[in-house]
Amino acid sequence: FKQKTAYEIYQCDWSSDVCSSDLVIVSSIRLSFLTELIESIELEANCRGRSVILCNSHASFTKEVSYLQEHVRKGIIKFVVCPVGNDTEFYENLKKEHQLKMVFVDTTPDHGTIPVVKTDDVKGAYKATKYLLSIGHRNIVHIAGPKSFSSARERAEGYIQAVGKNNAVILEDSYTINGGYDAVCNF
């Protein structure tokens with residue numbers, strides 16, 4: 001998945017070299033999936049003679065906004081964002097006002113027009129839960145990320161489809177190991 005995703009990201013319209021050859025990735029780097037993806041994007045960028053700037057948002061929308069605005073001021077126009085916020089208007093306005101090349105990865109604000117590269121979270125959660133059921137597990141709890149993330153909502157939907165609404169137990173956490181641990185301990 002990660003190599004295909006890095007390739008797909010570069011298939012977006014990155015042809016303009018107006019201000020910079022740099023690509024900025026704004027993401028929280030706590031998730032192993034994202035660190036592997038970032039590495040793949042960097043390798044693809046290097047193959048194309050480009051560099052990558054990584055900004056760790058620490059899952060903070062305020063930091064994400066700050067990083068985006070800072071790099072726009074520096075003239076960088078190409079961004080890969082794993083958005084923390086759900087403020088569609090902010091991203092759309094920033095992209096339009098500064099003629100940015102932007103793509104979302106893994107999650108996306110609701111109802112936007114910015115391209116997104118992601119997995120089918122509903123199908124993935126459904127298949128994973130159905131597999132657990134097929135090998136005899138009956139008390140399956142879904143630990144979900146914050147509802148502000150489309151991926152968290154979609155994974156919960158797949159889980160509910162697999163176990164049925166009346167059997168669903170969903171614990172919300174912060175998409176961190178400690179958050180998941182705390183959610184289970186408080187259950």
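If you're wondering where the values come from, they're calculated on a predicted model, not measured in any experiment.
- Taken from CD in Glu154 to CG in Asp120, the straight-line distance is 8.0 Å, to the nearest 0.5 Å.
- A salt bridge links Lys74 to Glu70: at least one charged side-chain nitrogen sits closer than 4.0 Å to a carboxylate oxygen.
- When every heavy atom of Leu133 is checked against every heavy atom of Ala162, the shortest pair comes out as CD1-O, 3.6 Å.
- Ile143 and Tyr126 fall into different hydrophobic clusters, where Ile, Leu, Val, Met, Phe, Trp and Tyr are joined by side-chain heavy atoms under 4.5 Å apart, directly or via other members.
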side-chain contact (heavy atoms from CB on, under 4.5 Å) evaluation trace for Val117 with Val103: CA-CA 7 Å; Val117 177; Val103 63; 4.1 Å; yes

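- Closest of all the heavy-atom pairs between Leu171 and Ala183 is CD1-O, 3.6 Å.
- For the atom pair CG of Leu94 and CZ of Phe79, the computed distance is 7.0 Å after rounding to the nearest 0.5 Å.
- Thr129 and Ile140 get closest at one heavy-atom pair: O-CD1, 4.1 Å.
- Shown here for Cys82 and Glu64, the closest heavy-atom pair between the two residues is O-OE1, 3.5 Å.
- Between the CZ atom of Arg138 and the CG atom of Leu132 there is a distance of 10.0 Å, given to the nearest 0.5 Å.
- Heavy-atom minimum distance, Val141 versus Tyr159: CA-OH, 4.0 Å.
- Using a 4.5 Å heavy-atom cutoff, the side chains of Val72 and Leu100 are in contact.
- Remark: the backbone N or O of Tyr67 is paired with a side-chain donor or acceptor of His71 at under 3.5 angstrom.
- Gln161 contributes atom CD, which lies 12.0 Å from atom NZ of Lys123 (distance to the nearest 0.5 angstrom).
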Criterion side-chain contact (heavy atoms from CB on, under 4.5 Å) on Ile160 and Ile170, from CA distance to verdict: CA-CA 9 Å; Ile160 291 167; Ile170 299 176; 3.7 Å; yes

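- Taken together through direct or relayed side-chain contacts under 4.5 Å among Ile, Leu, Val, Met, Phe, Trp and Tyr, Val163 and Val169 form part of one hydrophobic cluster.
- One distance of note links NZ of Lys95 with CE of Met102; it measures 8.0 Å at 0.5 Å rounding.
- In this structure, Asn93 CG and His98 NE2 are separated by 9.5 Å, a value rounded to the nearest 0.5 Å.
- A donor-acceptor pair is defined here as one N or O able to donate and one able to accept, closer than 3.5 Å; no such pair exists between the side chain of Arg155 and the backbone of Val122.
- Nearest heavy atom pair, residue Leu68 against residue Val81, reads CD2-CG2, 4.0 Å.
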